[in-house]
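Each remark here refers to the structure printed beneath this line.
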2 protein chains.
Amino acid sequence: VNVHEARLFEVSVTSSELRPLSFGREGLRLLDQRLLPAREEWVVCADVAAVADAIRTMLVRGAPAIGVAAAYGMALAVRRQASIDDLRRAVHAAGETLRATRPTAVNLAWATREIEATVERLIVQGLAPAEIAERTAERAVAIHEADVSACRAIGRAGADLLPGDVVRGTRALLTHCNAGALATGGYGTALGVVRAAREAGGAVRVIACETRPFLQGARLTAWELSRDGISVTLITDNMAAHLMARGEIGAVVVGADRIARNGDVANKIGTYSHALAARAHDLPFVVAAPVSTLDPSCPDGRSIPIEERDAKEVLELAGHPIAPSGVPARHPAFDVTPAALVSAIVTERGVSRPPHSTALAAILG
Amino acid sequence: VNVHEARLFEVSVTSSELRPLSFGREGLRLLDQRLLPAREEWVVCADVAAVADAIRTMLVRGAPAIGVAAAYGMALAVRRQASIDDLRRAVHAAGETLRATRPTAVNLAWATREIEATVERLIVQGLAPAEIAERTAERAVAIHEADVSACRAIGRAGADLLPGDVVRGTRALLTHCNAGALATGGYGTALGVVRAAREAGGAVRVIACETRPFLQGARLTAWELSRDGISVTLITDNMAAHLMARGEIGAVVVGADRIARNGDVANKIGTYSHALAARAHDLPFVVAAPVSTLDPSCPDGRSIPIEERDAKEVLELAGHPIAPSGVPARHPAFDVTPAALVSAIVTERGVSRPPHSTALAAILG
């Protein structure tokens, strides 16, 4: 590598759009999000079991990103199958395995069923196993690209909803967890709104909630926004309402893991508190999510399964115990924000305003 | 030490009432609360500078406890003074030093001014410096004992306010930070309510919020409740509203650092979020605090100074960075819960119900 090439490479890396996953001959390459911001390490998953494990252990996380990862996992499952029967068995087993990893995000179920349907169609068309594998991989890549395009459309539509003082940067935009490039195929949903507003010339400043217990805000949102030169200030989750009371926040924008038919939104634990505080301070509470996050089979939030993760993730931090040994803890990983607290749900096919049940039905067509 | 004695000692330690501070010839002994629950270490402060440092660095914390510690610090300042002039200078300098340590808790100002007035009275009575020092120490001990008595009275009055399902333990009592024995002279305010309810035969179960960034809930509340055999479950601060929505919580009980004349309550950052969530779920939000926490000079919450601590305390955990280097953070250590969200303020002189301005005026008499 000569100096000229090294410089070119450096420029292309620093200016490139961040994507947390890519697919190639060797398998699915994933940025290990558990190690950020301390280390930027990529892991290659060569089979569906490795992808399932990566989703379960939150090496990759964020509803749209795990949907894309699952699509690639399905594509890996249909590779190198000797017969159509083997291929059909493999694709269904892979769907079951992947759907069992995490219960709340619906994009995971959506993406795996989408690939199952694709494979079934290709089988009916009489294609050979190798051809089916190739076309399935193409379909997974298309799901990935569609996710990035959806994020860009969501970003533009969401940016239009931001109050003027947030666009000018006189009041901050509050976000929770990481609904950024790292949580999607790239660009992000909530952080896509921030990026689009900046691309349109705005001076949006972000206040990122650290997001206990996994610290996705401190580790991931702070990292990807800093990387893109976007102003970000970190707070603990419990400071949000105080800063709203002080007039420092102008809007709340978050992602979603599943949205029920009536507009109830499941998202990272702590979202609901921010929605209550936003309402108390008369601030817009905006949910940015692709259509694949909408679940028409859920009438309302009560039917969304909430994942309870290992209490150890609450009791320890970076391997250090933070509580006396023997004390139990709870770890619901998501909560439900009632539709009544949601000012707008921004999708790539349009914006849902209250009453969300009607607006979402129109978006779902 | 023979075996019999060792056993007796063990019994007396485990069954003894926890007090985070004691005063003796060598100075003020403080339990280092920064090291709990990993280590139980006592530190001796031999002069007022050491006491001020202990308060500033949160070796001792909790509004009533820092009030008591400051009273003892004042008592140390008047020791071994050669003349009345020296003694007067020392007591005023000590008051200034201690009041400058932390701005939000009013008990600190109250206790130091109380000792200043005591010393002035003793000087007017014509006592010698050594006698004044002795009487001042007695006054500091009396402030400590009065604080413990106040906690017991608050506990009894607060226990009477708990809903039946919380007393029976079918729904949990949520608390934030540590308003326990460790935060007071002993027994606690919010946790005094829990202790009194248990002493009266109740089966109160506590859900403790970890309380970022200092983790007083995870480290201190979990520790002192476990020590007393009281059921405690840890959650991250952002899980409280979700558990309320699921019907798992029956009441919120917290302490206070300063209460304005109209009933606005300054308490550990995050308290306000819990108050908003409690209101949204129609749950009692109870503040337990001694009269020394009431500040008649503050008309409302806007006039309560909110301490902003070092951002490093948010950016690091147990010495480990949790965010990318260079990212800024905020660290308001307290927030203000408006009186309108407070169901009851329980003091040792009675319970204030809305409208709090009238009720608190009566309590202050």
Side-chain angles (χ1 to χ4, degrees), chain A residues 36-38 176 207-213 215 217-219 222-223 225-227 232-243 245-246 248 268-277 279-280 306 311 314-315 317-318 320-332 334-336 338, chain B residues 36-38 176 207-213 215 217-219 222-223 225-227 232-243 245-246 248 268-277 279-280 306 311 314-315 317-318 320-332 334-336 338:
Chain A
L36 288 173
H176 189 67
I207 290 182
C209 294
E210 64 174 3
T211 316
R212 284 282 292 144
L215 297 169
R219 297 189 301 106
W223 181 78
L225 291 180
S226 307
R227 184 184 177 279
V232 57
T233 300
L234 188 66
I235 61 170
T236 58
D237 305 323
N238 59 18
M239 292 173 189
H242 171 70
L243 295 184
R246 296 271 155 143
E248 299 191 27
K268 181 52 55 191
I269 190 77
T271 302
Y272 176 37
S273 289
H274 299 320
L276 287 169
R279 175 55 52 93
I306 298 296
V314 168
L315 294 164
L317 207 139
H320 294 265
I322 61 163
S325 69
V327 168
R330 293 285 300 277
H331 187 184
F334 302 92
D335 61 25
V336 173
Chain B
L36 288 174
H176 189 66
I207 289 181
C209 294
E210 63 173 2
T211 316
R212 283 283 292 143
L215 298 170
R219 297 189 301 106
W223 181 78
L225 292 179
S226 306
R227 183 184 178 279
V232 57
T233 300
L234 188 66
I235 62 169
T236 59
D237 305 323
N238 59 18
M239 292 173 189
H242 171 70
L243 295 185
R246 296 273 155 142
E248 299 191 27
K268 181 52 55 191
I269 190 75
T271 302
Y272 175 37
S273 289
H274 299 321
L276 287 169
R279 174 57 50 95
I306 298 296
V314 168
L315 294 164
L317 207 138
H320 295 265
I322 60 163
S325 69
V327 169
R330 292 284 301 279
H331 186 183
F334 302 92
D335 61 25
V336 173

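Each chain gets a letter, A, B and so on, in the order its sequence line appears, and its residues count up from 1.
- Both the backbone and the side chain of Ala222(B) come within less than 4.5 Å of a heavy atom of chain A.
- Contacts with chain B were tallied for Ser273(A), Gly270(A), Pro328(A), Ala245(A); Pro328(A) has the most, counting heavy-atom pairs under 4.5 Å.
- With chain A as the partner, the residue from His176(B), Lys268(B), Glu210(B), Met239(B) showing the most heavy-atom pairs under 4.5 Å is Met239(B).
- Your options are Ile235(A), Leu276(A), Ile322(A), and the one with the most heavy-atom pairs under 4.5 Å with chain B is Ile322(A).
- Summarising the geometry of Pro324(B) relative to Ala218(A), their closest heavy-atom pair is CD-O, 3.2 Å, with the distance given to 0.1 Å.
- Of all heavy-atom pairs spanning Leu234(B) and Ala323(A), the tightest one is CD2-CB, 3.9 Å.
- Using a 4.5 Å cut-off between heavy atoms, Leu36(B) does not touch chain A at all.
- With sequence neighbours excluded, no residue forms a side-chain hydrogen bond (donor to acceptor under 3.5 Å, both in side chains) with Thr211(A).
- Looking at Thr233(B), the atoms closer than 4.5 Å to chain A (heavy atoms on both sides) sit in the backbone and in the side chain alike.
- At least one donor-acceptor pair closer than 3.5 Å links the side chain of Asn238(A) to the backbone N or O of Arg212(B).
- Highest contact tally toward chain B, considering only Ala38(A), Pro321(A), Pro332(A), is held by Pro332(A) [criterion: heavy-atom pairs under 4.5 Å].
- To the nearest 0.5 Å, atoms NE2 (His242(A)) and CZ (Arg330(B)) are separated by 7.0 Å.
- Only the side chain of Pro37(B) has a heavy atom closer than 4.5 Å to any heavy atom of chain A.
- For the set Leu317(B), Leu225(B), Leu215(B), the entry with the most heavy-atom pairs within less than 4.5 Å of chain A is Leu317(B).
- Neither the backbone nor the side chain of Ile207(A) has a heavy atom closer than 4.5 Å to any heavy atom of chain B.
- Residue contact with chain A, scored on non-hydrogen atoms closer than 4.5 Å, involves the side chain of Arg246(B) exclusively.
- Proximity to chain B is limited to the side chain of Ala280(A), based on heavy atoms less than 4.5 angstrom apart.
- Of the residues considered (Val232(B), Ile269(B), Asp237(B), Asp335(B)), Ile269(B) shows the highest number of contacts with chain A, using heavy-atom pairs under 4.5 Å.
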